[in-house]
Number of protein chains: 2
Amino acid sequence: MMQEMSATVGGVAERLPQLELGNQLCFALYAASRAATRAYGPELAELGLTYPQYLTMLVLWEADAPLAVGDIGARLHLDSGTLTPLLKRLEDLGLATRTRDRADERRVLIALTEPGRELRARAAEVPLRLFQRYGIDIDTAQKLIRDLTALTESIQAST
Amino acid sequence: MMQEMSATVGGVAERLPQLELGNQLCFALYAASRAATRAYGPELAELGLTYPQYLTMLVLWEADAPLAVGDIGARLHLDSGTLTPLLKRLEDLGLATRTRDRADERRVLIALTEPGRELRARAAEVPLRLFQRYGIDIDTAQKLIRDLTALTESIQAST
DNA sequence: TCAAACCATATTGCGCACAATCTAATGATG
DNA sequence: CATCATTAGATTGTGCGCAATATGGTTTGA
């Protein structure tokens, strides 16, 4: 009995819980993220936005000044392969403009149009409505945000 | 002063923190989920799998019996629009088979092939390696899983 | 000053996600 | 048993996400 137990030290047996934990954590993130995005979906559809487009608008609203594609990408952890077509769609919607930076022709500056700025007021209603509808506890949410941010950073750091 | 304060009760002022909280929580989920999926990426690439394909294989490995498309979808919260092409790719990889259920011709049964079953051993190494590389604390992870699962369920419930 | 290294963005290609719609099989109801 | 609603899955179309690569602008340094 004791021999069997010590034979498993460093073996597969006591690593299995951790193994499952890794899969469960990653799946829990995956499922929760998609559920949250789906929850925003119908509300944002009324504004004519998708969830990633809404995140981009949040960045532009907060900056309240033209940003380069790379600046937006740094805040959202997204690259130009994702942002370029998304920003073109925001431009097609008349919410933003894309213009080459005269000072550095490599950069493309994204600026809000007047309709883009005006959308902020309607968008401000959305998150509170969802937060209350789903009865999220504020303390739990704040802790979740801290833990998730720490997790994200520890992953980014080692890559 | 008191008048000003009571004038804001039910107003925008004290709702702003909650408003930001909603956006922060949703973005934290979005960023953490993508970071975790990216972390799995290179490890899974060595097995020839993407992350959603890996999740599907986990479901099949655990069931250890043929499952209908809908059974897999129920476990992963994915619909046939996502699963049908994914399962066809697993079939192309020689890891699974897709056959109409003779008892109910509407259903398509997904079964592991022998190479599909054999891949389980190599896949078992992956999550532990990642869990340790990023130095995730086990208690924090377990709490996160509980909170995320509860959050996901409370969102699903009200929809 | 001119080539080489570097940088910001764009493009391409693939694989999800998901809404909307379609097809075919099944089950329920009169 | 004929019809009609229901169910399972496939298809189509749009929009991410991201790796790999291309393009052109900027900086650096022999």
Side-chain angles (χ1 to χ4, degrees), chain A residues 27 29-42 44-46 48-57 66-74 76-93 98-110 156 159, chain B residues 27 29-42 44-46 48-57 66-74 76-93 98-110 156 159:
Chain A
F27 175 68
L29 285 168
Y30 170 78
S33 172
R34 287 190 300 119
T37 300
R38 266 198 303 271
Y40 269 80
L44 294 179
E46 290 181 24
L49 294 176
T50 65
Y51 182 67
Q53 287 167 11
Y54 168 72
L55 287 181
T56 304
M57 292 299 286
L67 290 177
V69 174
D71 297 332
I72 300 173
L76 301 180
H77 313 310
L78 289 172
D79 70 3
S80 73
T82 301
L83 284 175
T84 296
L86 186 155
L87 293 169
K88 283 181 179 172
R89 281 186 281 272
L90 289 183
E91 190 177 35
D92 292 343
L93 290 171
R98 301 167 58 251
T99 45
R100 285 276 160 196
D101 185 351
R102 298 292 270 283
D104 183 343
E105 294 273 355
R106 290 171 305 181
R107 288 153 42 98
V108 168
L109 297 178
I110 311 300
Q156 314 275 34
T159 344
Chain B
F27 175 68
L29 284 168
Y30 170 78
S33 172
R34 286 189 300 117
T37 300
R38 268 197 304 273
Y40 269 82
L44 295 179
E46 292 181 22
L49 294 176
T50 65
Y51 182 68
Q53 287 166 11
Y54 167 72
L55 287 182
T56 304
M57 292 299 285
L67 289 179
V69 173
D71 297 332
I72 300 173
L76 301 180
H77 312 312
L78 289 172
D79 69 4
S80 74
T82 301
L83 283 176
T84 295
L86 186 155
L87 292 169
K88 283 180 179 172
R89 281 186 280 274
L90 289 184
E91 190 177 35
D92 293 342
L93 291 170
R98 301 167 58 250
T99 46
R100 285 277 161 194
D101 185 349
R102 299 291 272 281
D104 182 343
E105 295 272 355
R106 288 171 304 181
R107 288 154 42 98
V108 168
L109 296 179
I110 311 299
Q156 313 276 35
T159 343

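Throughout, a chain's letter reflects where its sequence line sits, starting with A, and its residues are numbered from 1.
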*Asks:* To the nearest Å, give me how far apart OH (B:Y40) and C1' (D:dG17) are.
*Replies:* 19 Å
*Asks:* Rounding to an integer number of Å, can you tell me how far A:L78 CG sits from D:dG15 C1'?
*Replies:*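 These atoms are roughly 13 Å apart.
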*Asks:* Which listed nucleotide (C:dC16, C:dA25, D:dA19) is nearest to the side chain of B:R38?
*Replies:* D:dA19
*Asks:* Using a cut-off of strictly less than 4.0 Å, decide whether B:T50 has a side-chain nitrogen or oxygen near OP1 or OP2 of C:dC16.
*Replies:*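 Yes, within the criterion.
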*Asks:* Side chain of A:D79, backbone of A:T82: donor and acceptor closer than 3.5 Å?
*Replies:* yes
*Asks:* Rounding to a whole Å, what distance do you find between A:E105:CD and C:dC6:P?
*Replies:* 23 Å
*Asks:* In whole angstrom, what separates A:D71's CG from C:dC7's P?
*Replies:* 16 Å
*Asks:* Examine D:dG24: is either OP1 or OP2 under 4.0 Å from a nitrogen or oxygen in the side chain of A:R100? Give yes or no.
*Replies:* no
*Asks:* Is A:S80 side chain donor-acceptor paired with the C:dA10 base, going by distance under 3.5 Å alone?
*Replies:* yes
*Asks:* Once you apply a heavy-atom cut-off of 4.0 Å, does A:G70 come out as touching a base, just sugar-phosphate, or nothing?
*Replies:*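 Result for A:G70 = sugar-phosphate.
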*Asks:* For B:D79 and D:dT12, what is the distance between atoms CG and P respectively, to the nearest whole Å?
*Replies:*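 To the nearest whole Å, that distance equals 16 Å.
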*Asks:* Within the pair B:K88 and D:dT11, is there a side-chain N or O less than 4.0 Å away from OP1 or OP2?
*Replies:* yes
*Asks:* Donor-acceptor pair, distance only, cut-off 3.5 Å: does the side chain of A:T84 make one with the backbone of A:S80?
*Replies:*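 Present.
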*Asks:* Does B:Y51 have a side-chain nitrogen or oxygen under 4.0 Å from the phosphate oxygens OP1 or OP2 of D:dG17?
*Replies:* no
*Asks:* Check the distance between D:dG9's C1' and B:E91's CD and give it to me in whole angstrom.
*Replies:*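 In whole Å, D:dG9 C1' and B:E91 CD are 14 Å from each other.
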*Asks:* Mark yes or no for whether B:R89, through its side chain, and B:Q53, through its backbone, hold a donor-acceptor pair below 3.5 Å.
*Replies:* no
*Asks:* Among B:R107, B:R106, B:R100, which residue meets the side-chain hydrogen bond (donor to acceptor under 3.5 Å, both in side chains) test with B:D104?
*Replies:*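 Testing each of B:R107, B:R106, B:R100 against B:D104, the sole residue satisfying side-chain hydrogen bond (donor to acceptor under 3.5 Å, both in side chains) is B:R106.
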*Asks:* Taking atom C1' of D:dG9 as reference, at what distance in whole Å does atom CD1 of B:I110 sit?
*Replies:* 10 Å
*Asks:* Does a side-chain N or O from B:R107 land closer than 4.0 Å to OP1 or OP2 of C:dT26, or not?
*Replies:* no
*Asks:* Using OP1 and OP2 only, check whether a side-chain N or O of B:Q53 sits under 4.0 Å from C:dC16.
*Replies:* yes
*Asks:* For the pair made of CG in A:L83 and P in C:dT11, what is the distance, rounded to whole Å?
*Replies:* 14 Å
*Asks:* By nearest nucleotide on DNA chain C, pick out whichever of A:A68 and A:R34 is the more 5' one.
*Replies:*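 Nearest nucleotide further toward 5': that of A:A68.
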*Asks:* Strictly below 4.0 Å: does B:R89 bring a side-chain N or O up to OP1 or OP2 of C:dC14?
*Replies:* no
*Asks:* Can a side chain N or O of B:T84 be found less than 4.0 Å away from OP1 or OP2 on D:dA10?
*Replies:* yes
*Asks:* Base, sugar-phosphate, or nothing: which does A:L86 touch, judged by heavy atoms less than 4.0 Å apart?
*Replies:* sugar-phosphate
*Asks:* Within the structure shown, what part of the strands sits under 4.0 Å from B:D101 by heavy-atom distance: base, sugar-phosphate, or nothing?
*Replies:* nothing
*Asks:* So does A:R106 reach the base of D:dT26 with its side chain, donor to acceptor, closer than 3.5 Å?
*Replies:*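 No, the side chain and the base share no sub-3.5 Å donor-acceptor pair.
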*Asks:* For the side-chain contact (heavy atoms from CB on, under 4.5 Å) test, which of A:L87, A:T56, A:T99 pairs with A:I110?
*Replies:*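 Output: one option passes, namely A:L87.
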*Asks:* Quick one: sort the B:Y40 and B:Y54 rings into parallel, tilted or perpendicular, breaks at 30° and 60°.
*Replies:*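 Ring orientation, 0 to 90° scale: tilted.
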